[in-house]
There are 2 protein chains.
Amino acid sequence: MSSESDFNAPVRRKPVPEKKIRVLVVDDHPPMRIGLVALIKSQPGMDVIAEASDGEEAIEVYDDVLPDIVLMDLRMPGMGGVEAILAIRKKHPDARVIVVSTYDMDEDIHRAMQSGAKSYLLKDMPIEEIASTIQGVYEGDTPLPRSVQERLMERAQRQQLTERERDVLEALIKGRSNKEIASSLCIAEDTVKSHLKTLFTKLHVRDRTGAAIEAIRHGIIHLK
Amino acid sequence: MSSESDFNAPVRRKPVPEKKIRVLVVDDHPPMRIGLVALIKSQPGMDVIAEASDGEEAIEVYDDVLPDIVLMDLRMPGMGGVEAILAIRKKHPDARVIVVSTYDMDEDIHRAMQSGAKSYLLKDMPIEEIASTIQGVYEGDTPLPRSVQERLMERAQRQQLTERERDVLEALIKGRSNKEIASSLCIAEDTVKSHLKTLFTKLHVRDRTGAAIEAIRHGIIHLK
DNA sequence: ATGACTCTCACCCGTTTGAGGGAAATGACG
DNA sequence: CGTCATTTCCCTCAAACGGGTGAGAGTCAT
């Protein structure tokens, strides 16, 4: 697959000016944005053609510059990364977005890949891995770091929650009692208990406190 | 206070080559480190003289280069920022460390300031604020961003926990029942309940689940 | 249209938890 | 020395919680 091992191609090193990969960087943290931009510009075959600091801006800018690759942060104020990816890929189904996140929670990873991201990088990864992933995605691959793959496998092994179970879990993490959850969801308290029972089983915990912790730990429900 | 409004000083613009502020940057995320370095180097009066990617390295490097200012990430694998600050300030009580963190949890802020940090910045702050804070700390001030100050105030209003209460809270967040907490701390179950009662009061919650959530939200106990 | 899944609700039963009260021992601080 | 905070322990009681079981109504795909 890789263009490097094409033995039949004629050898020509210098002659081709080689078009640079045009990257759009999206991150709400100024120093991180600066770092990603510098990192990419330091790579010979890549260039940053635009930046954005949130989801809405990313969508606008994408339409303007039509980059080859988008490097997108996941958690941003206002429109998050997932919504931005969905919006971009709705208009441009062939858009190639790579998520660059601080968090390695399996639900974050899953949501990102589900929404159409081509890869998922962590900010603690070495610059070589970031660069090679950009290169790989540009060439049509979907190179997913091993550690991220493993997280994704973990999630796959966990039974996934139904919509209603997520509702209950979310209410639970707001600190509500069964009775309060019931009235906030307009169902009977027994129904809440019923959902909780399956939640405990699926999350491999025995009580609501354990469920809350697991939900937060895996990023199933975001705090705040 | 600011050296700009010194009307009595003789005006001399160019002549002074002005010694640059020598900064040590500590962060485990490569792109963030690159960004912080680039940010500082872009400021005329500052320069990065060394970098480190974790606490241990930071301590070593500090001894070597004796920087004017340390820009330190808080959450790092191995030795975290707080321990690094304590270690550095033990040997060099006049060390000036500025924390640069992703998180604005009040406990994180408090622990950092407690350990001797001169200021606490968030990574979503504009580069001007980061630069001016470095300048301010270099000049002997402790310029704390308003939003960070407010967080500190919030924490101050909350009653602080005793060591034993933190033990119970930590065990609680491991998903343990009262009985299990009791045996893990070698105390009676009733004692656990007693601590929980005061915990609920101090955290303004009614049950263990609420306590777990609040503890995580405020960074009192770190998940994982 | 039969099975699979979800959501809903109900009942029983035992355990855990939280609210109320009180009290003794320790060490720190003035 | 007395006072305060902290830690430890005890008791009772009612409410909340969790396990087990079952079951009707709805959607959906095969």
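In what follows, chains are A, B, ... by sequence order, proteins preceding strands, each numbered from 1. Atoms considered below: every heavy atom in the structure, side chains included; atoms not considered: hydrogens, waters and symmetry mates.
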Nearest-Å distance for atom pair [atom1]/[atom2], residues [X] and [N]:
{"X": "Gln160(B)", "N": "dA5(D)", "atom1": "CD", "atom2": "C1'", "answer": "12 Å"}
{"X": "Arg166(B)", "N": "dT7(D)", "atom1": "CZ", "atom2": "P", "answer": "12 Å"}
{"X": "Lys179(A)", "N": "dC17(D)", "atom1": "NZ", "atom2": "C1'", "answer": "12 Å"}
{"X": "Leu161(A)", "N": "dT6(C)", "atom1": "CG", "atom2": "P", "answer": "11 Å"}
{"X": "Ile181(B)", "N": "dT8(D)", "atom1": "CD1", "atom2": "C1'", "answer": "16 Å"}
{"X": "Arg206(A)", "N": "dT16(C)", "atom1": "CZ", "atom2": "P", "answer": "10 Å"}

Would you call [X]-[Y] a salt bridge at under 4.0 Å N-O?
{"X": "Asp73(B)", "Y": "Lys123(B)", "answer": "yes"}
{"X": "Glu107(B)", "Y": "Arg158(B)", "answer": "yes"}
{"X": "Glu214(B)", "Y": "Arg217(B)", "answer": "yes"}

Legend entry - Smallest separation among heavy atoms of Val23(A) and Pro67(A), with atom names: C-CB, 4.3 Å
Does a side-chain N or O of [X] approach OP1 or OP2 of [N] to a distance below 4.0 Å, or not?
{"X": "Arg208(B)", "N": "dG18(C)", "result": "yes"}
{"X": "Asn178(B)", "N": "dT16(C)", "result": "no"}
{"X": "Thr162(A)", "N": "dC7(C)", "result": "yes"}
{"X": "Arg164(A)", "N": "dT8(C)", "result": "yes"}

Legend entry - Interface residues of residues 187-200 of chain A with DNA chain C (non-hydrogen, below 4.0 angstrom): Ile187(A), Ala188(A), Asp190(A), Thr191(A), Ser194(A), His195(A)
Legend entry - Residue whose closest nucleotide on DNA chain C lies nearer the 5' end, Leu185(A) versus Arg176(B): Leu185(A)
Legend entry - Ring geometry between Tyr103(B) and Tyr103(A) (parallel below 30°, tilted from 30 to 60°, perpendicular above 60°): perpendicular
Legend entry - Gap between atom CG of Leu121(A) and atom OG1 of Thr133(A) - 0.5 Å precision: 4.5 Å
Legend entry - Check: Leu203(A) and Ile220(A) side chains under 4.5 Å, non-hydrogen atoms: yes
